[in-house]
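Below you'll find the structure, written out as structure tokens, and then a few comments.
Bear in mind the structure is a predicted one, so any value in this text is a computation, not a measurement.
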Amino acid sequence: MAKKIKSVWMWAFLLIGGPLLITSFQNCSSEMFGTPVMDLNGEASFLSTGVSFSGGCEAELMNLYNQTYFSLLKQSCGSCHTNGPGIGQFGHPDFTTSYNAFKSMTRSSINRNLINAAHQPPFTGAQHQPALDSFTPRWVAAETTYGVCTGNAVAGNGITTLGKTNPAIVAAAANPNTWTRITWDLAAELKDAALNGKIPLTASIEARVATVNGVRQGYEFRNPMVRINTGFTGPYRITSMRIHINNVLQQNVTTYSAIDFSVSTNTDVNISPNTAFALAVLPMVESTDSFALEFGDIKSAAGGSVGNPGGGGTPAPTPTLPTTVTLAQLLSNDAMLGVFRQSCVGCHSPGNVKGNLDITNPAQAKAQAANILNRMNDAGNPMPPAGLVMFEKRELVRIWRASGAN
């Protein structure tokens with residue numbers, strides 16, 4: 001049980017929220033933009049956390065959700081919260097749909113509405129308090145363990161941009177379909193002046209005023225993008241992103257806290273594709289509100305043009321991966337190369353063809369190569385469902401696809 005609870009705690013940084021307007025945003029592209037890089041060996045870190053994300057952080061938290069909120073929300077919220085935009089899908093009878101909606105929210109908001117007798121009687125009310133009381137210590141512990149697992153346990157101590165105001169966000173509030181992009185040059189616009197000139201990246205995010213039933217409730221965010229500045233090369237690894245408003249870290253905005261993405265292009269890349277909009281509920285000063293991004297860590301490949309502010313000697317050499325990878329290698333018993341054998345064949349083989357994919361069938365695997373890579377890099381809806389596998393293993397799948405998916 002201790003082992004289960006240890007891992008379970010990892011998801012709640014990403015979780016829950018009230019039925020306030022969290023809209024599922026789906027990236028329409030079937031491609032995964034960006035190229036994952038190898039794990040921490042050979043990377044220079046701008047903020048040395050000493051924690052590496054190796055996948056699997058989500059598995060036990062999904063188990064905890066199944067044991068706690070899933071049945072309760074399905075029974076109490078299923079009559080309203082199943083259709084998505086505006087009201088969420090956390091009451092959906094499908095576990096994956098319910099869980100993916102739940103993880104984009106805040107647990108406190110869910111709890112508040114569940115015990116609110118005026119919210120949706122007789123489905124909500126004080127009768128839920130004993131259950132929620134029993135859930136709380138397990139989820140509080142889960143939040144802590146999830147933060148440790150993903151390296152986000154010390155949110156507020158990352159690489160933070162300068163705050164920026166953008167009155168255009170408020171000016172566009174009357175049109176809910178208008179988003180305004182806020183952009184930061186990380187080479188020059190960081191709170192820690194010692195880092196200026198050391199991270200040649202540009203980051204941005206879209207924002208709009210969030211309105212529920214005609215009342216302004218705060219701000220929504222979507223499509224966080226990063227690119228390498230012209231004249232520099234990567235890759236650069238981004239782990240975790242949080243949002244500050246008026247110099248205050250928005251603790252409940254955790255939609256992007258599990259980001260673990262590599263950027264290797266001078267073109268904007270969405271570092272959190274296929275995730276829900278992030279909602280910050282707060283009193284608004286509006287035209288003078290300022291926004292900032294906080295990254296848990298940013299790393300460059302060893303030998304890159306940017307040094308490690310933390311120092312610490314010469315980085316280890318970058319592990320060398322093959323230039324071509326075959327399906328036979330991915331299905332082999334090789335400890336390094338056998339990614340599909342280790343992570344996929346249990347659900348995608350002749351005896352268990354989930355999603356109409358037999359990954360051992362060369363024609364099917366090749367036809368689904370783009371989707372396979374996309375799902376393996378989608379932290380919000382990953383394959384395997386237990387969580388993202390290690391960087392170098394996802395990189396092997398990318399190489400397989402790039403070399404013809406044969």
Can you find a pair of side-chain heavy atoms, one from Ile399 and one from Arg401, that are under 4.5 Å apart? no
Keeping Asp289 on the side-chain end and Glu286 on the backbone end, is there a donor-acceptor pair under 3.5 Å? yes
Can you name the nearest heavy-atom pair linking Leu327 to Pro362, along with the distance? CD2-CA, 3.6 Å
Across all chains, not counting sequence neighbours, the side chain to side chain contact (heavy atoms under 4.5 Å, CB included) partners of Thr68 are Leu64, Phe135, Arg138, Trp139
Is the side chain of Gln329 donor-acceptor paired with the backbone N or O of Thr326 at a distance under 3.5 Å, no angle test? yes
Pairwise distance OG1(Thr211) to CD(Glu220) - rounded to 0.5 angstrom: 8.5 Å
Rounded to the nearest 0.5 Å, what separation is found between the NZ atom of Lys74 and the OG atom of Ser79? 14.0 Å
Quick one: does Glu294's side chain have a donor or acceptor within less than 3.5 Å of a partner on Gly158's backbone? yes
Can you tell me how the ring of Tyr65 sits relative to the ring of Tyr99, calling it parallel under 30°, perpendicular over 60° and tilted otherwise? tilted
Is it the case that Asp358 and Gln364 place a side-chain donor and acceptor less than 3.5 Å from each other? no
List the residues meeting salt bridge (charged side-chain N to carboxylate O under 4.0 Å, His left out) with Glu189, not counting sequence neighbours, and say none if there are none. Lys164
Determine whether a donor-acceptor pair (N or O, by modelled atom type, separation under 3.5 Å) exists between the side chain of Arg227 and the backbone of Thr267. no
Strictly distance-based, threshold 3.5 Å: is any side-chain N or O of Asp268 a donor or acceptor partner for the main-chain N or O of Met225? no
Between Asn229 and Thr202, do the side chains contain an N or O donor and an N or O acceptor separated by less than 3.5 Å? yes
Scan the side chains in residues 343-350 for donor-acceptor partners under 3.5 Å anywhere in the protein, sequence neighbours excluded, and list what turns up.
residue	atom	partner	partner atom	Å
His348	ND1	Lys354	O	2.9
His348	ND1	Leu357	O	3.3
Ser349	OG	Val345	O	2.8

Is the ring pair Phe340/Trp400 parallel, tilted or perpendicular, if the boundaries are 30 and 60 degrees? perpendicular
